[in-house]
Amino acid sequence: MSAGGCSIVWFRRDLRIEDNPALAAGVRAGAVVAVFIWAPEEEGNYYPGRVSRWWLKQSLAHLDSSLRSVRTSLVTKRSTDTVSTLLEVVKSTGATKLFFNHLYDPLSLVRDHRAKEVLTAHGVAVRSFNADLLYEPWDVTDVQGRPFSTFSEFWERCLSMPYDPEAPLLPPKRIISGDVSKCHSDTLIFEDESEKASNALLARAWSPGWSNADRALTTFINGPLIEYSKNRRKADSATTSFLSPHLHFGEVSVRKVFHLVRIKQVLWANEGNKAGEESVNLFLKSIGLREYSRYMSFNHPYSHERPLLGHLKFFPWVVDEGYFKAWRQGRTGYPLVDAGMRELWATGWLHDRIRVVVSSFFVKVLQLPWRWGMKYFWDTLLDADLESDALGWQYISGTLPDGREFDRIDHPQLEGYKFDPNGEYVRRWLPELARLPTEWIHHPWNAPESVLQAAGIELGSNYPLPIVGIDAAKARLERALSEMWQQEAASRAAIENGTEEGLGDSFDSAPTAFPQDVQMEESHEPIRNNPHTTNRRYEDQMVPSMTSSLLRLEVEETSLDFRNLAQDSRTEVPRNVNVHQEPGREEVTPNVQRPNNVPRFNIIRDVGDAEDSTAESSSSNRRERDGIVVPVWAPSTSGYSEQYVSDENRIGNSSSYLQRHPQTHQIINWRRLPQTG
DNA sequence: GAATATTTCCC
DNA sequence: GGAAATATT
C-alpha cells in the first residue's frame, strides 16, 4: 500500500458504517475521505421521488453524525457527472485509493465501471466489494455455470451454496480522517419548499439511518418474525419487517439480516417450533427476492424497462389516462385497490400483498402498460427500488419465466375478504366506506340501496362504481390477447417471408416505453434540464400529458432514444478489456436456439489487486467475492445470441400459459435493437 | 390409512 | 390454472 495518500470511500446505497466492506478497507488502508455524490440527473427517468429523497436526506445526516462520532465526516457533492466529481475529490485530497461497494442496476454498472477505468487511468487504486448481496450474481449458477431463470431454483441454490455468506463486519471504532481542507462539501438539496409539509409527516412513522435500521431489525426479529408466516396475509398488519427502505439505502446489510434471522431459526428448530421455523423461511424468501432482483438486473440489464419474455410484444395496452388517474387516486370502485392506493399516496408504504393487488389490477383489469405503474411506484414509494420494482411488475405482468400467467384476473372482492376479512383496512383508508357493514365492504356495488343509504354512501357520487367490471375486463383481456396473437402471427409470417426483418422489436411493449412520455403534465423538458420544476412532478397526482395518439407516435422515438443509450454505453466500455467468454459459449449463432445462453456481463478479474488472494486461495473461490471482481456491463463484446429460453422442458414446465405458446419462450434480444435501425 | 375432495399458494 | 398441501371420508 502506498504511503501518504488517503483513501476515498465512496458511499452510495450503503449508508452504514457497520458491515461496510468498502469502509472497512479504507480504514484498514489508513486515512479516509468519506464521500457521497448526489447526481440525480444521471438517473434519467428514475429521478428519485419525494419520499425517497426525504429518506436519503435523513439517512445521510445520520451517516454523517456517525462518522463524526468516529472522528471523520461525510463529504457531500452535488454533481451532474459522478466520475469527474470523483476525480475532483481525488485531486483535492491527494487520495490514492478508491473503495466502494457494488450496485447492480444498469446505470450503476456502467457508471461504476467507467469510474473504475477513469480513476485507474489516473493512478488511483480502485477496489470494490460486495456489500449488498449474500452472494454475487456471478457466483450463483447451475452446474454448467449458467444463470438461473426462475426464482425458486435461484434461491434453492443460494441456500445450499458451499460457503456461507460472509459474516458481518463490526463498525470501525475510529477513523483517521483524510485531509479535506481543500475539498469542500456542497449542500445537498433534497426537497423544495412545497414538499416540506408532506415530508414532515414522514418523520412520525419512520426513522432513517443505519442505527435505526439496526434497531428495526432487532425489533422485528424479537417480535413479529415468529408470527410472520401466520400474519403475512393480513393487509393491515404491522407484522412486516419494515426493513425495505433501510435495505434499499443499505442502512442495514442483508448479511446481517440473514445471519441474525438464521440464528433465530436454529433456535426455534431446536425448540421444535415449527411455525417459527416456517416464518423464517418465508421471511428469508422475501430477502431472497430482493437478491433475485439484483441477480436479474445484473443478468438482464434492461429488465426495468423491457419485458423479459417477449410474448406481450404485441399486446394492445389500454392507453387511458383516466384509468391511470383513477388508479392513482384510489377511485377505481374496488375498495381494496382504492384503500391501497390511498395508503400509498398518504404514507409511501404498502404491504407487499397489497402491492400485488393494486399492480395486478392495474395490469389485468385496467390493462394499462406496466411501466406506468412501475414509474408511479417509483415516484411514491418510500422504498422505491428499481430492481425490486422491476421484478415485481414483471412478475405481475407475467413476463418472467416463472411469473404468473397473464390471462388470469384476480377478483379484488375475493382478495379483499382474504387479506382484509373484517374490512378494517378498507375502513381506515376509505373513510367514506367506514360505515358499510363487512358483508358489503369489499363489494359495495352489490349492496342493497337501504344499506348504502344507512352507511351514507351514494355510489357514483361519494364513492365510485367499479371503473371496469371484472367480467368486462376478462372479456377485454381475451380480445386483447387474441389480437396480440394475430399480430404476432402476422409479424412472424412477415419475417419468414423476409419482407419485414424484425418488425416489432422497436415496437415492442409499445406504450410501455415510459420515459418522458408519462411525464406528468407541466414539463415536457427532460429532467436534466429542469431540476427545479421537475420536483413538482412528484408532488401531485397528475395525469400524463401525452394523448394516446401522441404516445403511439412516440414509441418509435423512445426506442431510438433507447438505442442511443445502448450505443453510448457501448462506447464507454472498451471492447478489448472485458471479454471473458467461457469455452463453448461464444459460438452461438443468432436465431439458433440454445438453452439459456445469456451471459451478457463479463467479469473483470483484476489479479494485480488481490491482496487477499493468497490468504484464501485454498478455500474455494471465496476470494473472488471481495474487491477483485467488478461487475462490468459489456453488452457489445459478447457475440452470442441471447435467445434466452428455448428449452421448453425447463421453462415450459413452469407455466402452462407458456406451454401453450412456446414460440414466446424467448427473452427478447435487446442487443439486436441497435442493429435494426 | 389410502383415496378423494377442498383449500392454498404461487414472484 | 394447477401443484401441493390439507381436510375429509
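Convention: sequence-line order gives letters A, B, ...; per-chain numbering from 1.
A ring-centre distance under 6.0 Å is found for A:Y376 and A:W327.
Here the C1' atom of nucleotide B:dC10 and the OH atom of A:Y292 are 14 Å apart, to the nearest Å. Here the P atom of nucleotide B:dC10 and the CZ atom of A:R355 are 17 Å apart, to the nearest Å. Rounded to whole Å, the distance from CD on A:E415 to C1' on B:dC10 is 13 Å. Per the geometry, CD1 belonging to A:I396 stands 11 Å off C1' belonging to B:dC10, to the nearest Å. If you take CG of A:L289 and C1' of B:dC10, they are 11 Å apart, rounded to a whole angstrom. Distance, A:L391 CG to B:dC11 C1': 6 Å, rounded to whole Å. In this entry the distance linking CG of A:N281 with C1' of C:dA5 reads 16 Å, nearest Å. As a whole-Å value, the separation of A:L350 CG from B:dC11 P is 21 Å.
Residues that satisfy the salt bridge (Lys or Arg N to Asp or Glu O under 4.0 Å) test with A:E156, not counting sequence neighbours, are absent from this structure. With sequence neighbours excluded, the residues forming a side-chain contact (heavy atoms from CB on, under 4.5 Å) with A:V51 are A:L202, A:L382, listed by chain and number. A search for salt bridge (Lys or Arg N to Asp or Glu O under 4.0 Å) contacts involving A:R290 returns A:D132, not counting sequence neighbours. Shown here are the side-chain contact (heavy atoms from CB on, under 4.5 Å) partners of A:S108, two or more places apart in sequence or in another chain: A:R13, A:L103, A:D105, A:R111, A:D112. Looking at residues two or more places apart in sequence or on another chain, you find a salt bridge (Lys or Arg N to Asp or Glu O under 4.0 Å) between A:R342 and A:E432.
You'll find a donor-acceptor pair under 3.5 Å spanning the side chain of A:D352 and the base of B:dC11, going by distance alone.
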Scan nucleotides 7-9 of chain B against the protein and return all N/O pairs shorter than 3.5 Å with their distances rounded to 0.1 Å.
{"residue": "B:dC9", "atom": "OP2", "partner": "A:R233", "partner atom": "NH2", "Å": "2.3"}

